[in-house]
Student: 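Shown below is the structure under consideration.
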Protein chains: 2
Amino acid sequence: MCPDIDDIDLKILQQIEADFDVSLETVANKLDLSKSAVHYRIQKLKDEEIINSVTADVDPFALGLEVVSLTDVSVTHREGYSENIGEEIMTIDGVEQVYYTMGDVDFVAVSRVQTRSQLNDLIEEVVAIDGVNETSSKFVLEEFHGARNISANLTQSGRDAILDP
Amino acid sequence: MCPDIDDIDLKILQQIEADFDVSLETVANKLDLSKSAVHYRIQKLKDEEIINSVTADVDPFALGLEVVSLTDVSVTHREGYSENIGEEIMTIDGVEQVYYTMGDVDFVAVSRVQTRSQLNDLIEEVVAIDGVNETSSKFVLEEFHGARNISANLTQSGRDAILDP
DNA sequence: AATGAAATCGACCAGCA
DNA sequence: TGCTGGTCGATTTCATT
């Protein structure tokens with residue numbers, strides 16, 4: 001199913017995907033492995049591009065980004081243009097994520113800004129994109145992101161599929 | 001507006017939010033600062049909890065997580081229960097993000113699993129939650145996440161608001 | 001795949017502007 | 001408070017198994 005990952009790799013991923021600001025020794029102790037072995041495996045996971053990057057996670061609220069919104073965007077259908085429009089929406093400052101979906105609505109954009117006026121500006125930029133037909137936004141009152149990560153968020157059958165040969 | 005951040009802090013955030021797998025020296029050179037100064041500022045940003053954590057970013061496709069879906073969830077309204085339901089949805093394996101919104105739909109959940117059958121199981125778990133009224137899901141054909149981060153994704157007025165006194 | 005030794009890098013401290 | 005330079009401990013790398 002994917003590049004050979006064993007249960008030790010999966011445990012390492014769960015650890016460092018939750019917090020990589022710990023010493024190798026901490027990870028090694030939790031898994032009863034040597035520091036070198038943990039380092040070796042992490043390098044391998046990076047080489048195989050299972051770990052994409054190591055990044056600092058910034059608190060959006062600390063920067064005053066308290067206005068979160070979901071915007072449905074429908075477009076006039078023209079062959080092959082949809083993906084371009086998705087990328088155009090993505091380039092707008094404040095847009096965090098764009099999903100291109102099946103269904104009556106074509107795109108769903110998640111935006112994060114400081115003020116309602118910034119959100120208005122943002123939506124105007126979306127509307128101004130050539131091919132965009134109609135938008136409809138709703139405010140997000142609360143987000144539940146948890147401390148949940150890709151590797152910690154697998155279903156049981158998903159975990160089995162990865163570990164099985 | 002927020003804990004005093006200057007333009008140097010903001011530049012550091014943009015650097016390490018995109019890639020923290022570089023040496024302090026690299027960051028320092030790009031900003032014409034000493035290693036110690038960069039270290040000092042990063043520590044401060046961590047102390048002030050502007051940097052929440054440092055984490056490894058795992059490629060979902062490398063783990064076979066290719067089925068992404070947006071699920072609208074409406075609930076029977078009972079005082080104060082909404083937040084609990086949001087948290088309950090969040091605890092389901094495969095659910096990545098939950099938004100509680102104003103509007104006719106109450107929650108929007110983003111899920112990421114390996115197969116359509118896993119998605120069916122997931123949606124059944126959502127429906128089984130006490131208080132959940134109706135769900136409606138759509139497949140995501142494509143995601144545009146870019147390499148965009150909180151600090152690199154500010155609007156111009158947002159940037160001004162942070163840097164101004 | 002995993003180890004231990006040697007080179008390199010980051011964390012911390014005292015002191016200074 | 002913000003920064004420097006130096007020291008110590010941790011991490012990375014590499015030769016070896």
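By convention in this document, chain letters (A, B, ...) are assigned in the order of the sequence lines, proteins followed by strands, and residues within each chain are numbered from 1.
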Student: Under the side chain to side chain contact (heavy atoms under 4.5 Å, CB included) criterion, do B:Leu24 and B:Ile42 qualify, and how do the steps go?
Tutor: CA-CA 10 Å; B:Leu24 282 188; B:Ile42 290 177; 4.1 Å; yes
Student: Rounding to 10°, can you tell me the angle the first-five-pair axis of the helix from C:dA1-D:dT17 to C:dA17-D:dT1 makes with its last-five-pair axis?
Tutor: 40°
Student: Whole angstroms only, please: what is the CG-C1' distance between B:Leu33 and D:dG2?
Tutor: 10 Å
Student: Write down the distance between CG (B:Leu24) and P (D:dG5), rounded to a whole number of angstrom.
Tutor: 15 Å
Student: Is the number of heavy atoms from other residues, nucleotides or ligands under 6.0 Å of A:Glu66 CD greater than 12?
Tutor: yes
Student: Rounded off to whole Å, could you give me the NE2-to-P distance for the B:His39 and D:dT7 pair?
Tutor: 17 Å
Student: How many whole angstroms separate atom CD of A:Glu25 from atom C1' of D:dG9?
Tutor: 10 Å
Student: Pick one: which of A:Ser69, A:Ser137, A:Ser111 meets side chain to side chain contact (heavy atoms under 4.5 Å, CB included) with A:Leu122?
Tutor: A:Ser111
Student: Report yes or no: does B:Arg159 contribute a side-chain atom to a donor-acceptor pair with the main-chain N or O of B:Leu154 at less than 3.5 Å?
Tutor: yes
Student: Check this one for me: any side-chain N or O of B:Ser36 less than 4.0 Å away from OP1 or OP2 of D:dC3?
Tutor: no
Student: Is the number of heavy atoms from other residues, nucleotides or ligands within 6.0 Å of CD (B:Glu142) greater than 12?
Tutor: yes
Student: What is the distance from CG of B:Leu31 to P of D:dC3, rounded to the nearest Å?
Tutor: 11 Å
Student: Reckon A:Lys35 touches a base, only the sugar-phosphate, or nothing at all at heavy-atom distances under 4.0 Å?
Tutor: base
Student: Run the salt-bridge test on B:Asp6 and B:Arg41 with the 4.0 Å N-O cut-off and return the result as yes or no.
Tutor: yes
Student: What is the 5' to 3' range of DNA chain C, first to last nucleotide, that sits under 4.0 Å from any heavy atom of chain A?
Tutor: C:dA1 to C:dG4
Student: Under 4.0 Å between a Lys/Arg side-chain N and an Asp/Glu carboxylate O for B:Lys46 and A:Asp21?
Tutor: yes
Student: Does B:Glu134 CD have over 12 foreign heavy atoms under 6.0 Å away?
Tutor: no
Student: Quickly work out the A:Ile42 CD1 to D:dT11 P distance and round it to whole Å.
Tutor: 10 Å
Student: Between B:Lys44 (NZ) and D:dC3 (C1'), how many Å, whole number?
Tutor: 12 Å
Student: Take B:Asn149 and B:Gln14 through the test side chain to side chain contact (heavy atoms under 4.5 Å, CB included) and record every step on the way to the result.
Tutor: CA-CA 8 Å; B:Asn149 307 110; B:Gln14 285 174 32; over 6 Å; no
Student: Without decimals, in angstroms, what is the distance between B:Gln43 CD and D:dC3 P?
Tutor: 14 Å
Student: Please test A:Asp57 against B:Ser53 for side-chain hydrogen bond (donor to acceptor under 3.5 Å, both in side chains), starting from the C-alpha separation and ending with a verdict.
Tutor: CA-CA 5 Å; A:Asp57 304 322; B:Ser53 56; 2.9 Å; yes
Student: Could you write out each protein N or O paired with an N or O of nucleotides 15-17 of chain D at a distance under 3.5 Å?
Tutor:
none

Student: What I want to check is whether the side chains of A:Asp160 and A:Gln156 have a donor and an acceptor closer together than 3.5 Å.
Tutor: yes
